[in-house]
Amino acid sequence: MLVITALASGCSTVSLQPLAAGYEKLEKADKAFRDGEWDTANELYGAVADAQPRLISPHLRLGIIDYRQGRPKGAAGHFEAVLQRNPDHVVATYNLAVTHLQRARTLLDRHEQLAPVSASRPALVDVRKALERLKGEKQTPETR
């Protein structure tokens, strides 16, 4: 009986070591994020997300970093990863919407450059105006 107990406790200690290491990386990543050290935070959150794929916070922060560094596709992918794990995650839902709004602005601007006549159709002008009004409300991803 003692042998089984010793083996069981030894196994549980071994299985907790990766969790503890992941927690330490997550703390370091959070500090780098707070300090604006985006490359360091990105690397550490990526390692945590790879090691603990069910965690939400690394994906949320990776999405924010990607958005701030001008990578809307990457940001959207991370916010979608959060929503796959928790479809009701309020912050990820908002951040994904902000990312899509920014992407829509960029695409409509590009469309206007490529096809000014087509872009002058009243419906598209109304859409661009609506997006411009939203732009004035300063939409950026939430960090909570």
Side-chain angles (χ1 to χ4, degrees), residues 4-5 7-144:
I4 292 172
T5 304
L7 285 174
S9 64
C11 290
S12 65
T13 303
V14 170
S15 67
L16 292 177
Q17 287 174 346
L19 290 175
Y23 184 72
E24 286 178 29
K25 275 189 181 165
L26 190 56
E27 283 184 334
K28 288 178 183 179
D30 287 342
K31 181 182 180 331
F33 184 90
R34 285 190 306 274
D35 294 345
E37 298 171 4
W38 307 124
D39 292 338
T40 300
N42 191 56
E43 181 181 323
L44 291 167
Y45 283 129
V48 172
D50 289 344
Q52 301 292 329
R54 292 183 179 196
L55 287 180
I56 287 175
S57 63
H59 287 288
L60 186 64
R61 293 295 175 95
L62 285 165
I64 293 165
I65 292 167
D66 277 351
Y67 184 88
R68 288 181 176 176
Q69 293 191 328
R71 296 185 298 265
K73 286 182 185 177
H78 287 295
F79 298 141
E80 288 167 355
V82 171
L83 292 172
Q84 286 173 353
R85 289 154 180 79
N86 179 358
D88 299 324
H89 197 281
V90 173
V91 174
T93 301
Y94 173 81
N95 288 353
L96 184 58
V98 168
T99 301
H100 285 310
L101 282 171
Q102 181 57 41
R103 184 75 178 133
R105 285 184 196 108
T106 301
L107 288 170
L108 285 170
D109 288 347
R110 181 73 177 136
H111 175 256
E112 190 174 24
Q113 291 171 355
L114 293 171
V117 173
S118 174
S120 67
R121 291 184 310 197
L124 288 176
V125 170
D126 289 345
V127 168
R128 281 198 310 278
K129 284 180 182 176
L131 286 172
E132 283 305 311
R133 282 193 301 272
L134 287 173
K135 187 189 275 187
E137 295 178 16
K138 180 103 169 113
Q139 291 151 352
T140 57
E142 292 286 328
T143 58
R144 292 180 263 135

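- Taking S120 as the reference, nothing meets the side chain to side chain donor-acceptor pair (under 3.5 Å) condition, with sequence neighbours excluded.
- In this structure, the side chain of R54 does not engage the main chain of R85 through any donor-acceptor pair within 3.5 Å.
- Evaluation of the side chain to side chain donor-acceptor pair (under 3.5 Å) test over residues 39-49, restricted to residues two or more places apart or in two chains, returns D30-Y45, Y45-R61.
- Listed by first and then second residue, the salt bridge (charged side-chain N to carboxylate O under 4.0 Å, His left out) pairs that reach into residues 90-100 come to none, sequence neighbours excluded.
- Counting heavy atoms from C-beta on, the side chains of L108 and E112 never come closer than 4.5 Å.
- Sequence neighbours left out, the pairs with a member in residues 71-83 that pass side chain to side chain donor-acceptor pair (under 3.5 Å) are H59-H78, D66-R71, Q69-R71.
- Rounding to the nearest 0.5 Å places CG of L107 at 10.0 Å from CZ of R110.
- Closest of all the heavy-atom pairs between Y67 and V98 is OH-CG1, 3.7 Å.
- In this structure, A41 and A29 approach most closely via the heavy-atom pair CB-O, 3.8 Å.
- Nearest approach of F79 to L60, heavy atoms of both residues: CE2-O, 3.6 Å.
- Minimum heavy-atom separation, V82 to A92: CG1-CB, 3.5 Å.
- Remark: L55 pairs with V48, Q52, P58 by the side-chain contact (heavy atoms from CB on, under 4.5 Å) rule, at least two apart or across chains.
- The side-chain contact (heavy atoms from CB on, under 4.5 Å) search around A115 returns H111, S118, not counting sequence neighbours.
- With sequence neighbours excluded, the residues that form a side-chain contact (heavy atoms from CB on, under 4.5 Å) with T106 are Q102, R103.
- Applying the side chain to side chain donor-acceptor pair (under 3.5 Å) test to D35 and every residue at least two apart in sequence or in another chain returns K31.
- Not counting sequence neighbours, H100 has no partner by the side chain to side chain donor-acceptor pair (under 3.5 Å) test.
- The two residues F33 and I64 have their closest heavy-atom pair at CZ-CG2, 3.7 Å.
- The side-chain contact (heavy atoms from CB on, under 4.5 Å) search around N86 returns I56, D88, H89, not counting sequence neighbours.
- Residues P72 and T99 approach most closely at O-CG2, 3.4 Å, considering heavy atoms.
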